[in-house]
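The structure displayed is predicted, hence computed values, not measured ones.
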Amino acid sequence: MTESLRWVKSSYSNNGGQCIEWAPDHAAATGEFRIRDSKDPHGPQLALTRGAFAGLVEFARHHG
């Protein structure tokens with residue numbers, strides 16, 4: 001996970017600093033959805049499948 005990615009802040013992350021970012025270009029190119037904590041850009045990343053990412057977005061819509 002060392003390549004340079006373009007990170008975008010989630011539109012569901014406007015709640016007082018609890019922000020996640022994702023790499024949409026990487027997802028489009030590979031089908032792997034990477035997410036990270038925007039407060040720790042050099043920290044760990046999660047790599048999710050399309051279905052898992054869709055579930056995360058759905059969860060944020062209902063509980064975010």
Side-chain angles (χ1 to χ4, degrees):
M1 291 191 213
T2 59
E3 77 269 12
S4 178
L5 299 174
R6 181 181 68 89
W7 293 95
V8 175
K9 191 172 289 190
S10 168
S11 61
Y12 294 100
S13 292
N14 192 14
N15 59 358
Q18 302 300 318
C19 304
I20 66 166
E21 297 175 320
W22 73 298
D25 299 335
H26 179 79
T30 67
E32 177 185 64
F33 289 72
R34 291 202 190 163
I35 62 173
R36 69 179 184 185
D37 182 343
S38 65
K39 296 179 302 303
D40 188 9
H42 300 293
Q45 301 173 12
L46 295 176
L48 304 175
T49 63
R50 182 177 304 279
F53 186 74
L56 177 65
V57 170
E58 191 64 24
F59 179 84
R61 282 187 182 138
H62 289 84
H63 302 285

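In this structure a side-chain-to-backbone donor-acceptor pair under 3.5 Å is present from R36 to P41.
Closest approach of K9 and E21 over heavy atoms only: CA-CG, 3.9 Å. Nearest heavy atoms, C19 versus D37: O-OD1, 3.5 Å. Contact between A47 and E32 at its shortest, heavy atoms only, is CB-OE2, 3.4 Å. Taking each heavy atom of R34 and W7 in turn, the nearest pair found is O-CZ3, 3.6 Å. When all heavy atoms of V8 and R6 are compared, the closest pair comes out as CG2-NH1, 3.2 Å.
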Only distances under 3.5 Å count here; give the side-chain donor-acceptor pairs of residues 53-60 to other protein atoms, sequence neighbours excluded, each with its distance to 0.1 Å.
from : atom 1 : to  : atom 2 : distance (Å)
E58  : OE1    : R61 : NH1    : 3.4
E58  : OE2    : H62 : ND1    : 3.2

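The distance from the CD atom of Q45 to the CG atom of D40 is 10.0 Å, given to the nearest 0.5 Å.
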